[in-house]
Amino acid sequence: MVASAALAATVLTGLASTAPALADTPAGTSAPSAVEDGAYPGAAQILADKGITLTRGDGGITLANCTQPSGYQIKVFARTAIEDDEDTICFAAPGASGYLAFTIPDAYRITTYNRSVRASLSTDQKPTETTDVPANGTKGIGETLDPSTHAVLLELRVTGSTATAPAGQPADPATAFTARLAIGDQGRACTGALVDPMWVLTAKSCFADDPSTVTAGAPKTATTATVGRTDLNTTGGHLTKVVELAPHANRDLVMARLQTPITDIAPLALSATAAASGGTLTTAGYGRTATDWTPGKLHTPVATTGTVAANGFDLAPTASGLICKGDAGAPLWRTENGKPALAGIVSRSWQGGCLGTDATETRTGAYAERTDGLASWIAQQTSRSYEILNPASGRCLNLSGAGPWANSTPIIAWDCTLGANNEKFQITADGQLRNPTSGRCLNVSGAGPVWNNGTPIILFDCVAGAGNEKFEWTTDGQLRNPASGRCLNISGAGPWNNGTPIILFDCNNQPNEKFQLVADNEIPNPVGRLKNPASGRCLNISGAGPVWPNSTPIILFDCNGENNELFQLTADGQLYNYSSNRCLNVSGAGPTWDNGTPIILFDCVAGAGNEKFEWTTDGQLRNPASGRCLNISGAGPVWNNHTPIILFDCNNQPNEKFQLVNQA
């Protein structure tokens, strides 16, 4: 987005300026996507002028003038180059990262200045080859004893830098909710808006050229979000992974869940009122300008609203700036009751006047998706609960006891159990960690104002503004209580067993202070029931307990959520039942276990081949030592209570299929 005097006080050609007509189709719906695709601007002219084919990149490596030594950090030597310094081609790489794909035939050497790089090339001998060049080094590429050998340089990637990023300035509260999304590491990028401590709202088209192919779940390409950083070339703000996408069914909108919640930036609230034709909206984006490919700095132009339809509306830029590639997902807001209120999300733009757009394209309008009326859709995601996992122990925060859970209930570490209500938490807008089942929050015990090391973490009534109930996620994954300046801690030096108390302690960035918010399907080794969908029943340790001795048969039984149905597939591959403290076992000493061998309960023996299981992609539980699978004996199609569980050839049949499901 960039200012342009020629656009002052104009309304876009082709955009309606009449009152909203919700049945009309905005002109901008046919505009190209405003996603930054990484295409190198002006590549055709560069090819004609210099004989270099520049394909795509993230803007961190750009063509530079070799006659200005301070203006480049990478020099490529190529026999066929058309350049101003004999056979050299120079590139600027001002930051600590950068990627560029191109085609440079007959390249033979790379020299670097204060940067280390990795080069990808193709030679007569190898279709693909990589080589690393250290900082302030030089290295021949594709060179052999054969003088006729040719090498084509295909990619450069900055792998290290002596440059130090300048310290970031405090984010402008007026735009701190704006996010920059990097989809993959080859230049695809968008903008977004923080609408909840865990969620960014952006354009669905950011994640696929065909938005209809974007599905719920983890993004297919690794994605990072930078939030609260006005200048991307500085430090500060928050940098975190996107771990889940929740696409809208029929609009170019998607909710992107962050791995680490952001609790020190106020989310952008949703307006309940539609945009009005002829009105103005402010936007913020990290897209291209008329002169810069990846400017790195947030732009905040104002746009005029054109035709308003049921799902979206046209936009006409004003003198304050254009909407270009990279601005897809940018928020559009107005002030309501003294605060910004989200009215739409940028989707498409004609991009006339933007860097890299053909000069024959004179249209500068854009199209945005409406967000008013989407409160319930957004709430479906933001109201969800999550476990709080400590990866070092593999356990989750837990309200001790079977419930109900009253004030002063201790918070402990416990095996992460699918669907366990006493392990589910929500982050409130006030920075509290609330357990919906009890209606209470995590609390640093005592009235303060000083809370010392070792202070217990308990459950207590959620009191708005209470300093001992406020927590913030650090960039290292710690849960810090600002009132005390201390962090949540799993007490002791480790290992940490079930029941270990959660306390307050100095923030030392240790493993027992690191936490992640995770959904059930993201827990590494959760406790759950092993359900066979074909029968609708679960694996069960036969008998009423509470003690189940060695050699107890494993049977099929109604899924009742009892302790003798709860198993954990451990990191060591055992199926462990913590009520009995024993594991599933293929009966007998082996080394051969035949079809029909009973599956029993037995002491957990580390490394025992008859206690190791792995999930196949088809949902079978395979024992590698025998090469056979867990099987519900009999041909079915009905398998009743008490049917024995045996070992049998893995035939991918319904009585060999299992799912790990919650205990509810």
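The figures here come from the full heavy-atom set of this structure, side chains too, leaving out hydrogens, waters and symmetry mates.
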Do [X] and [Y] make a side-chain contact, defined as non-hydrogen atoms from C-beta onward lying under 4.5 Å apart?
X    : Y    : value
R180 : T224 : no
M255 : V200 : no
F177 : W333 : yes
L660 : F567 : no
W199 : E244 : yes
L418 : V527 : no
I388 : L433 : yes
L517 : M198 : yes

Any side-chain donor near an acceptor of the partner, [X] and [Y], under 3.5 Å:
X    : Y    : answer
D618 : T616 : no
N233 : K297 : no
D264 : H238 : yes
N525 : T570 : no
S271 : E336 : yes
K204 : S212 : no
D196 : T382 : no

Looking at [Y], is its backbone amide N or carbonyl O close enough to the side chain of [X] to form a donor-acceptor pair, meaning the two atoms are under 3.5 Å apart?
X    : Y    : value
D172 : A174 : yes
R251 : R370 : yes
T223 : T221 : yes
T357 : Q351 : yes
N435 : K424 : yes
R188 : E36  : no
E522 : A519 : yes
R334 : A341 : no
D327 : T191 : no
E387 : I523 : no

Discussion item. Could you walk me through whether F471 and R480 satisfy the side-chain contact (heavy atoms from CB on, under 4.5 Å) test, starting with their C-alpha distance in whole Å, then the side-chain angles of each, then the deciding distance to 0.1 Å, before giving a yes or no?
Written reply: CA-CA 5 Å; F471 298 92; R480 180 178 178 273; over 6 Å; no
Item to complete: Measure up the F91 and F102 rings against each other and bin them: parallel (under 30°), tilted (30 to 60°), perpendicular (over 60°).
Response: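 Rings of F91 and F102: parallel, under 30°.
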Worksheet entry | R395: partners by salt bridge (Lys or Arg N to Asp or Glu O under 4.0 Å), with sequence neighbours left out |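 If we apply the salt bridge (Lys or Arg N to Asp or Glu O under 4.0 Å) test to R395, skipping adjacent residues, the hits are D415.
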Please check if the number of heavy atoms outside [X] that lie under 6.0 Å from its [atom1] is greater than 12.
X    : atom1 : result
R118 : CZ    : no
D210 : CG    : yes
K531 : NZ    : no

Item to complete: Sort out for me which residue in T282, V302, I345, L315 forms a side chain to side chain contact (heavy atoms under 4.5 Å, CB included) with L332.
Response: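 The side chain to side chain contact (heavy atoms under 4.5 Å, CB included) with L332 is passed solely by L315 among T282, V302, I345, L315.
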Worksheet item: Hey, mind stepping through D358 and T360 against side chain to side chain donor-acceptor pair (under 3.5 Å) and telling me if it holds?
Response: CA-CA 5 Å; D358 194 292; T360 60; 2.7 Å; yes
Worksheet entry | Which residues share a ring-ring contact (aromatic ring centres under 6.0 Å, His included) with W377, sequence neighbours left out |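 Only H248 meet the ring-ring contact (aromatic ring centres under 6.0 Å, His included) criterion with W377.
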Worksheet entry | Pair W293 + Y40: ring centers closer than 6.0 Å |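 Ring centres of Y40 and W293 closer than 6.0 Å.
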